[in-house]
Structure formats: structure tokens, C-alpha cells
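All chains are named by letter (A, B, ...) in the order of the sequence lines, taking the proteins before the strands, and each is independently numbered beginning at 1.
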2 protein chains.
Amino acid sequence: MESKKYLFNEEIPLENIEKGIKRKMLGYNNDLMMVKIYFEKGTVGARHIHPHTQTSYVEKGKFEVSIGDETKVLYEGDGFFVPPNVEHRVKALKPGILLDVFNPCREEFLNHSAL
Amino acid sequence: MESKKYLFNEEIPLENIEKGIKRKMLGYNNDLMMVKIYFEKGTVGARHIHPHTQTSYVEKGKFEVSIGDETKVLYEGDGFFVPPNVEHRVKALKPGILLDVFNPCREEFLNHSAL
């Protein structure tokens, strides 16, 4: 399982994930997956947990990010790291974009049909 | 081996890697590593190969990207994917920023002393 080698922004479907959250899939294989996530202001990515390692980057906006029992506010250019099996949550304090990258890939993301 | 959970842009050292290329380390563990790379116009990331999977995102600029024997021009918001052991090269056609993510981590990046 592997994405295309070149991923052109205009060609990538913008998937509606839930109210206030949209997603574009970037490069991936079984081991690694990059996902661009668009948040409307006030949207919460609910507290959740997964066995995947996650490393993320704030491309735009301002996010309140909770990892385990700690919460910080992050701005453009900041990043965060979520070890496997650690609960985390994000809240968009402004309209924003996160780049989330996972190891291994989130297979369930590939089965999502755009709404 | 694991990075901090919160990575604040202003606190991350900007490392001089080679002429025209600087780097900031974002979140990582042994399995996953995110790196932000700043290119001056005209700079080439020489053709190279590694066993790591790589997924990358063009945050700013315009890059000529070669993967194997194919070359394309990528703009802000585009991405590319490099399977393990496939030669690749980038050239910054404008000043630019790439987010490169690797599986597993590039251990040698952690031993680099900022110049």
C-alpha cells in the first residue's frame, strides 16, 4: 500500500471528516502516513488514543493541545509529539491547519469515503 | 529516544547543515522523525538514497523534486513520497521550506552539532 510519489494540492480530495474538520491525505505507505487537517475555529479533535506514534506541525492557526494530563497553546511553526497509547486532544482557537504524521499508517483513514 | 512533547518554534535551534540549508528538529522517537528544512534559492539537496521511508510537504517556496528517474515541480501545499531505497534530490527554485518526515528516525540527525 503506497500513495503516489507526487501529491499535488489541487488534485487531492478535501474530505469532510466531521463538523468543522476536513482532511487531505498526503504521502503514505504502511509505515508512515502524512495527513493535512483543516479546522474551523472552535473545533475540537476529541480526546482519543491510538497505538500509533504521532508527530504534528502547526501550519496555520492557534491550537490548544493536550497530551496526557498536560495542555499547552501552540502557534504557527510549533509542533507536538504523541507517543503511542497516550491520550491527546486538540482545540482550534482560530481557524487552523495541522500536519499530522503517523507510524504505522492509519489504515482506517484510507477507507473513508468523502462525505 | 524521544523528543519533547511540545516543540516551540522559538526554542528549537536552527542548525546550519550545509551552504544554503538550515534545519529545525521537530517531534521524533525511534520510529518517526519530523524535520523542518529551510532552503535558500538555488540550493540543491544532492541526489541521495536511504533505507528510510520519507513523506514530505512543501510549506513554502517552489521545488524541483526528483524521485527515481522522474522530476516534477512542486509548490506550496504539495507533497511527495519517497519509498525506502529510492534515490531522490530536491532543488529550491525559490527560497523555501520543506517538512520531511522519516520512518524510522534518522539517528545521524541527532548527532549533528549546530555549526
If you draw a 6.0 Å radius around [atom1] in [X], do more than 12 non-hydrogen atoms from other residues or ligands fall strictly inside?
X	atom1	result
B:Glu10	CD	no
B:Asn85	CG	yes
B:Lys36	NZ	yes
A:Lys91	NZ	no

Heavy-atom proximity to chain A below 4.5 Å, by part of [X]:
X	answer
B:Tyr28	backbone
B:Gln54	backbone
B:Lys4	backbone

For the candidates A:Leu99, A:Ile97, A:Val82, which exhibits the highest count of non-hydrogen atom pairs separated by less than 4.5 Å from chain B? A:Leu99
Between A:Pro104, A:Gly77, A:Pro84, which shows the greatest number of heavy-atom pairs under 4.5 Å with chain B?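 The answer is A:Gly77.
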Hey, is the main chain of A:Val65 close enough, under 3.5 Å, to the side chain of B:Tyr6 for a donor-acceptor pair?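 Here the side-chain-to-backbone pair exists.
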Counting N and O atoms only, with roles assigned by atom type, does the side chain of A:Asn103 sit under 3.5 Å from a partner on the main chain of B:Leu32, one being a donor and the other an acceptor?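 Side chain of A:Asn103 to backbone of B:Leu32: no pair is present.
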For residues [X] and [Y]: do they belong to one hydrophobic cluster (side chain heavy atoms under 4.5 Å, members Ile, Leu, Val, Met, Phe, Trp, Tyr)?
X	Y	answer
A:Leu98	B:Phe8	yes
A:Val86	A:Phe63	yes
B:Ile17	B:Val101	no
A:Leu93	A:Ile21	no
B:Val90	B:Val58	yes

Closest approach of B:Thr53 to A:Asp31 (non-hydrogen atoms, all atoms of both residues):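 Nearest heavy atoms, B:Thr53 then A:Asp31: OG1-OD2, 4.5 Å.
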B:Gly27 and A:Phe81: which non-hydrogen atoms are nearest, and at how many Å? C-CD1, 3.9 Å
Heavy-atom distances under 4.5 Å only: say whether A:Phe102 touches chain B with side chain, backbone, both or neither.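 It is the backbone, since no side chain atom gets that close.
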Please walk me through it: do A:Met34 and B:Tyr57 pass side-chain contact (heavy atoms from CB on, under 4.5 Å)? CA-CA 9 Å; A:Met34 181 181 276; B:Tyr57 177 77; 3.7 Å; yes
Can you measure from CD (A:Glu76) to CD (B:Glu59) and round to the nearest 0.5 angstrom? 8.5 Å
Gap between atom CG of A:Leu26 and atom CG of B:Asp78 - 0.5 Å precision: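 The CG atom of B:Asp78 sits 9.0 Å away from the CG atom of A:Leu26.
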